[in-house]
Structure formats: structure tokens, C-alpha cells
There are 4 protein chains.
Amino acid sequence: MARTIGSNGARTAEAIRQAGVTLIYRHGYEAMSLRQLAAEVGLQSGSLYKYFDNKQSLLFDIVREHMADLLAKAEADLAGIDDPMARLKAFSAFHLRYHMQRMAHVFIANMEIRSLDDDHRAMVVGLRRRYENLLEDTLRAGAQAGVFRIAEPKVATYAIISMLTGICMWYRPGGRLSQDQLVDIYTGLVVDGVTGPQGLTAAAERHRALA
Amino acid sequence: MARTIGSNGARTAEAIRQAGVTLIYRHGYEAMSLRQLAAEVGLQSGSLYKYFDNKQSLLFDIVREHMADLLAKAEADLAGIDDPMARLKAFSAFHLRYHMQRMAHVFIANMEIRSLDDDHRAMVVGLRRRYENLLEDTLRAGAQAGVFRIAEPKVATYAIISMLTGICMWYRPGGRLSQDQLVDIYTGLVVDGVTGPQGLTAAAERHRALA
Amino acid sequence: MARTIGSNGARTAEAIRQAGVTLIYRHGYEAMSLRQLAAEVGLQSGSLYKYFDNKQSLLFDIVREHMADLLAKAEADLAGIDDPMARLKAFSAFHLRYHMQRMAHVFIANMEIRSLDDDHRAMVVGLRRRYENLLEDTLRAGAQAGVFRIAEPKVATYAIISMLTGICMWYRPGGRLSQDQLVDIYTGLVVDGVTGPQGLTAAAERHRALA
Amino acid sequence: MARTIGSNGARTAEAIRQAGVTLIYRHGYEAMSLRQLAAEVGLQSGSLYKYFDNKQSLLFDIVREHMADLLAKAEADLAGIDDPMARLKAFSAFHLRYHMQRMAHVFIANMEIRSLDDDHRAMVVGLRRRYENLLEDTLRAGAQAGVFRIAEPKVATYAIISMLTGICMWYRPGGRLSQDQLVDIYTGLVVDGVTGPQGLTAAAERHRALA
DNA sequence: CATGAATGAGCCTTCATTCAT
DNA sequence: TATGAATGAAGGCTCATTCAT
């Protein structure tokens, strides 16, 4: 049969993308079959190839678009905020809210990097690096300004991002705690972590070790 | 051909297990084929079935054994430590060291839970729950004793474990920082996070929201 | 989009036919896809069906038209030549020149007969038979007139045509030898072959064998 | 089901090879499906991959083995024959007999070179070149000795081989003419072709053109 | 203990073809 | 005249798994 009345390429493309996100989130990229995906959007599996070149490029499109969006929104959110503490709080809040709202995309971007081709992976890792730098630069600035006590800004960056991203592992909408409350709690942990006295201890520890 | 002198089932079983961990870590459970695994240990793929029932049970064995080991070692490490702060530091140090030393197992246990059958997954999640409780109970005890300022012990548990586990995402042996230094740095972040003033702020925030 | 100014069906049909010849020559009928063909002429593959009924009929059209053209031109070239030797030379020269000039068509007609439907193949083989008869009749006439020494005119027909057609396997325009020179060389081989003494030997051999 | 009683890898491999030759001969390489081939030998299509790496390598194996065999047998047949005329007759007879007996292999080797990968094709063309040289060298030797009248040995080589190979296009076992008779007839054409007076004519023609 | 031949299901992908617009 | 969305069949190929030997 030819074109179903009212069907529409753009709509189908969007349906495929969304179903792709859902299925990869649920089963993993390797475990998702294109037959499944096609069934989800009411097509034959071969018809999907009107919308992407191959399974790999579907994954790449999803991940890259997500990473680009994450980076752009973060930069927009932080634009104009100069004070390190304010930037840190803004970053933390942004990261948490974004991750609670787009859990599937985030999950995929974190878990399926391994399934990307080398070239594709390099591009995605590059975007992630730029995102991480938003935090790392803030931490360094705050450390220099004396408002943060951080022995190793890079380590702290990884630690903080891991902690915040971890919310995807358990958060479910409609739970006991609101998104605002969670933002407060997590951000509190972050702020205390980079301002507390142990930061110095660790630094002292490190210098002693090098001596 | 006769049995190679000195070869035996137990040794082969162990080789399969190790190769399985390596390959799943590298390629993911779905992407690893039993042909690959068999080649790695010098067998025909059909011969693997002397050592496990099916691919799924290989994964389950690896993950369950890892989780059981993690739990047992953690309990052993914390045994006899009553002071909440000491327990927290001990837990943090244990978790970090274990994760830096057995990165492949940890990675698999975190990433491939999705690939487990429902029953198998339930068992593994149960073990994980018991492990998390070691930390959660410590946090609650410390909060009640007034030494920690924690609004939501469960949330803090997830946050801390995510942060600490995140070390697997970037740590490589032989890097600039030693394991001891990393333990200091991460543990410093944890301790500051649960003792800092923001913990109260968050709690106040939460109560206000509920009012 | 409106019709491109000056474009018209006949021109497109011809473009399709030419692209078809090129692609079938290059990749083979089975290996050529209609998508490729459509791309070559700047259409969507579905649009090709305005110009032919199906892939098979495209092949048939090309082959039949080629065979009809070959036959018609050969007949025209030989018209009015009665002397067997003159006819043989004329046939040889015609065949060689035609094959050097339309190598792609010739190649397709020879190689892709196998890909034709039974009915289509029968029609093409019929045309080819008529073409071969032009040579075979000449050989018989020459043999009867005593100018050729040929034991088996039918075999000689096949042999000569194979030899002459073989030029397509290696001839490339612009090579060391001109078309005229090649015509001389090949025609020399043909003429010597049907006038030399071995023709009788072979005939004697045959009669002895039957005795 | 596991191994059928009495089944045997070597036997299956041979059955696959033979069925492959038959099917490629009948339908062409592109048109033959591995499902067809598997059905012919009573297997599932995936099982074929125990016996070759992929469809392409099946074709290559068949073609290369054929070319190697052709070359080896031809060299064996001509070994010890020094006289150019005797060598020419021996080559002609060998070529004809081989082609009448292994028509399918010959057909495939000639028709499906196009379907080979570039590297594979290069190897096969190399073998073919060596085979052609057996004839070309003989023609040159005979021309130098004054027993052949050949303007262009390379052209004559192609012409003769094409003529002889053409027997595959129509020969069917059990026809009116025996293989011996056909060898006589074709060889007579060849011998007359390279000894007749026209060979000189062509040479003269060529020199005139160059002048 | 291990092989190796085989299965049957399923994979991603390409194809010729159709037809409402 | 041409598009472009879609079909349904089939393609080559890989996989986990079985089992006689």
C-alpha cells in the first residue's frame, strides 16, 4: 500500500526518534531490534531506512542531539552568572532538573557511548568534555577566589557530576520529594562538599604524599 | 585428543569466567558472542555449555558473585566500627578501593542489570539494597547522633554511592594520583557533604514546602 | 515543483535507457538497482515506472532493440553483395566495427540473456539466430562454390562469431591498433581459417570417424 | 538437531562446492541465493558459514581453483612439446577438451569475474594472463621460426582463445559431433588461421598505416 | 572433556514495486 | 510528470544452542 492518508514524513521521523529513545532506554541499543522499533511506530522494518542510514546512525543522532542540547541549555543557563558560588548552584540545579526531565536521553547518552563507532564516540566525548568544563572552570575560579576548598578540581568535577547524574538511577516523577526539594538536597551536598574543611585536609594529604 | 596433562575443569571454568568478565566489560553482554568467549579460552562454543547452562546464567553468576563478594567484604570491613563518622569513612574508603581494583566487575554489575532476567535481576537488586543499607544506616545513626546534618538519608545514600562509584568512569591505574590520594579526596567530599551547614538548609526547605 | 522548462518525457526515457545500458554493463543486471538507475537520471526510483513496466522489461527493451539494430544494420551492409568471399569479409568487418563501437550493448546482449524471462529470451535468441544465419548461409554458399573449405558450416559459424565477438573482452578505444587494423587482422584470421587446407582434413577426419 | 548420522564435513563441503557451481552456472552469482544453495545440499542457510566465510569467497574459491587447475593441466599437457605447431595443436586440443568437460566452471570463471572483489579479481586475472601466455609464447615462437604468419601475436592469442572458448556457448554432450571431431574442426580453423596468407596481408596493412 | 556439524530463529539491510498526492 | 512514503519479500549473515561422537 502506498502512503496512508494523512501520514507525514516529519511526523513519522519524530515518532521513530521517540520510540527509539524509549526502546534503547528500556532494552539497550544492542538488544533493541529494528523490527521492534518499526512495530512501535507501525511500519515495516525496511521502511525505517527512509529515516536513517543504519541502526548506528540512529543511536548517534539521538546521543549527539542530546549532548548538544544539554550543552547549549547549560551555557544559556549560566550565561551572565559570574560569581563562582552562584554558578555552581546554577549548574547543579540545571543538571539535576535536566536529568530528571530527560532521563531516558541522559541514560542512553551515558550507557550507550560504548556502542558508538569510534568516530561517533569521539564526537560525543568531545561534547561531554565541553560540558564538564563548565563545572571544572567554575570550581577552579572558586578555588582561586578562596570561596571553594578543593584539592583537585578535575576529580571534584567528576565526583560532582557522577553524584548529580546518579539521580537518574532512582528518581521517578510523582515520588515523595519534589524536583525542587531534590535540587535543594543535592545542591546542598555539593556546596558543602566543596566548601568544607576536608578539602584542605585532602590537599595537605596530597602534598605530604608528594614530599 | 586426550586430556591435556594437568588441565581440569575447574581451571577452564575459571578461565571462562575471567574471559567473560573481560569481554562483557569491553563489549557489553549483548554484544559479546559466545564464539568470542570460546575463542578466548581456546574452546569450541558448544563446549562452553559444560560450564554454564546458557549465556544468561553466565552473566548472572558473574554479577551475583560480585555483589555477594562486595557485600561480604564491606560487612567485614565495617565490623566492629560503631562510631558513625568512622563507619562513614571506612565505607567510603572500602567502596573506592574495591571499585578501583575490580572495575570490570563493578562496571558489569552496574551496567548489565538491565540484561538480567526478571528473577535474576530481583536477586541482584536485593543484594545491592543490602549493600546500600550499610551506608544508609550509618547516615541515619550519624544524623540521630547529631554528627551528620542530613535532610534525607536515603537521598544522601544514593548521592554518595553514585559519586564514589563514578570513579570507575575515569580512574586508570598508574595515573597521577595514587589510590590513597583519591580515597582522601573523595572521602573529604563525602564527609564535608554530610557535615556542612547546607544539610540543614535543605531540611528547612523541605519542611517549609510541606507546610 | 513544476516541470523543468524544456524537459520532456522522450528525453528522460532516453536518459534512462542510456543510464541503464551503462549500469548493466558495469555492474550486471542483477547487481544494478533501480535506485542507482534513478539517481543517475535524477529521479526517484518510483518515478521510473512511468517509463517501463518493470526492471525485466527495461533489460528486454535494451537487448531486443540492440539485437534488432544489429540485425538490421548487418542486413543493410550485406545487401547487394553476392560473392561469398566478399560477404564474409563484409560480415566480419561489420561485426567487428559494430562491436567495437557499441561494446556495452553487445556485452549486455551476450551476458544477460540468462537474466531474461523465458519468453523474452526466446525472442532474443530468435533474433540472434537470424543474425548468425547471415554468416552461416554465406559459409554454406562459399563452401558449395568451392571457395571455402569448411567441414561444418554451423560449427564454423559459432567459432567465427565467438572469435570476432571476443574483441569486446579487451579492445579499448585509443589503443595501439586502430579499428581498421584490427578489422584487417581479425578478418585475415577468418579468411585463412575458412580457406586453409585443414578444413578438408577435418572433414576427412569426420568421415573416417563415421565409417 | 545435531549431526545427522553419517554426515561428514568433507562430504558436505564438496556437496556445497558442486551445488555452488551448478547454481551459479544456472542463475549467475548475483541471482543465486544462499538459501537456494543451502536447500540444494539439505542445510539451513546459516550452516553454510561453516564452509566458507561469505558468499564472495565461495565464488572466489570456485574460480581460483578452476583457474589454477586449468593452468596446471595445460602446463602438464604442453610439457616436453617444443615444436610450435605441435604446441599450438596441443593447446587447442587441451583447451577444447577441458572446456567441453568442465563447461560450468569455465562459464563461471569467464562470466563472474565481474562479481569478484578487486583483489580477488586481480588474482584471477593474473592466473588467466599466465594461461594466455602459454599460447602467446607459442605463437611468437612459431612466427619467429617462420612456421606461423601472424601480424599481432597478442591479438591472435585473444582471437584464438575466444574462438575456442566459445564452444561452451553451444556444445552439449551427446550431440551429433564427438569431442574428437570438434577438436579437429576447431583446431583446423586455428591452424589455418595462423598459417594462411592473410596473416602477411594484415602485417603489410599495418606497416602501411604506420608509414 | 571436548569437538564439530547442524539448527532455527533472528538480525540489519536492500530491493522492486505501488500509489495517493 | 514526478514525488515520497510505504510495502512485503528476500537477501547475506550471526547467534545461542543442541547433541552424536
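Every chain is numbered from 1, with letters handed out A, B, ... down the list of sequences.
In this structure, CD of Gln44(A) is placed 10 Å from C1' of dA9(F), rounded to the nearest angstrom. Computed from coordinates, the Leu58(A) CG to dT13(E) C1' distance equals 14 Å when rounded to whole Å. Distance Ile16(B) CD1 to dC1(E) C1': 11 Å, rounded to the nearest Å. If you take CD1 of Ile24(B) and P of dA16(F), they are 11 Å apart, rounded to a whole angstrom. When rounded to the nearest whole Å, the span between CZ of Arg11(C) and P of dT1(F) equals 13 Å.
Legend: residues meeting salt bridge (charged side-chain N to carboxylate O under 4.0 Å, His left out) with Arg114(B), ordered by chain and number and at least two apart, are Glu112(A). Looking at residues two or more places apart in sequence or on another chain, you find a ring pair (Phe, Tyr, Trp, His ring centres under 6.0 Å) between His66(C) and Tyr98(C). Under the side chain to side chain donor-acceptor pair (under 3.5 Å) criterion, Asp118(B) pairs with Arg121(B), not counting sequence neighbours. When the side chain to side chain donor-acceptor pair (under 3.5 Å) test is applied to Gln56(C), the partners found at least two apart in sequence or on another chain are His120(C). Here His105(A) pairs with nothing under the ring pair (Phe, Tyr, Trp, His ring centres under 6.0 Å) rule; sequence neighbours left out. With sequence neighbours left out, the salt bridge (charged side-chain N to carboxylate O under 4.0 Å, His left out) criterion links Asp69(A) to Lys73(A), Arg102(A). With sequence neighbours left out, the side chain to side chain donor-acceptor pair (under 3.5 Å) criterion links Gln44(A) to no other residue. In terms of the side chain to side chain donor-acceptor pair (under 3.5 Å) criterion, Glu65(A) has no residue partners (sequence neighbours excluded).
Proximity of a side-chain donor or acceptor of Arg26(D) to a complementary backbone N or O of Val21(D) within less than 3.5 Å is not detected.
Residues Ala10(B) and Leu43(D) both approach DNA chain E. Their nearest nucleotides, taken by heavy-atom distance, put Ala10(B) toward the 5′ side.
For residues 40-54 of chain C, no pair satisfies salt bridge (Lys or Arg N to Asp or Glu O under 4.0 Å), with sequence neighbours left out.
Residue Tyr29(A) holds its OH atom at 7.0 Å from OG of Ser115(A), rounded to the nearest 0.5 Å.
Shown for residues 45-57 of chain D: residues whose heavy atoms fall under 4.0 angstrom of DNA chain E, namely Ser47(D), Lys50(D), Tyr51(D). Against DNA chain E, the stretch residues 27-36 of chain C makes heavy-atom approaches under 4.0 Å through Met32(C), Ser33(C), Leu34(C), Arg35(C).
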Next on the checklist: Counting Watson-Crick and G-U wobble pairs with both distances under 3.5 Å, what is the dot-bracket string for DNA chain F, 5' to 3', using [ ] for crossing pairs and | for pairs to another strand?
Outcome noted: .||||||||||||||||||||

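Distances shorter than 4.0 Å separate none of the side-chain N or O atoms of Thr12(B) from OP1 or OP2 on dC1(E).
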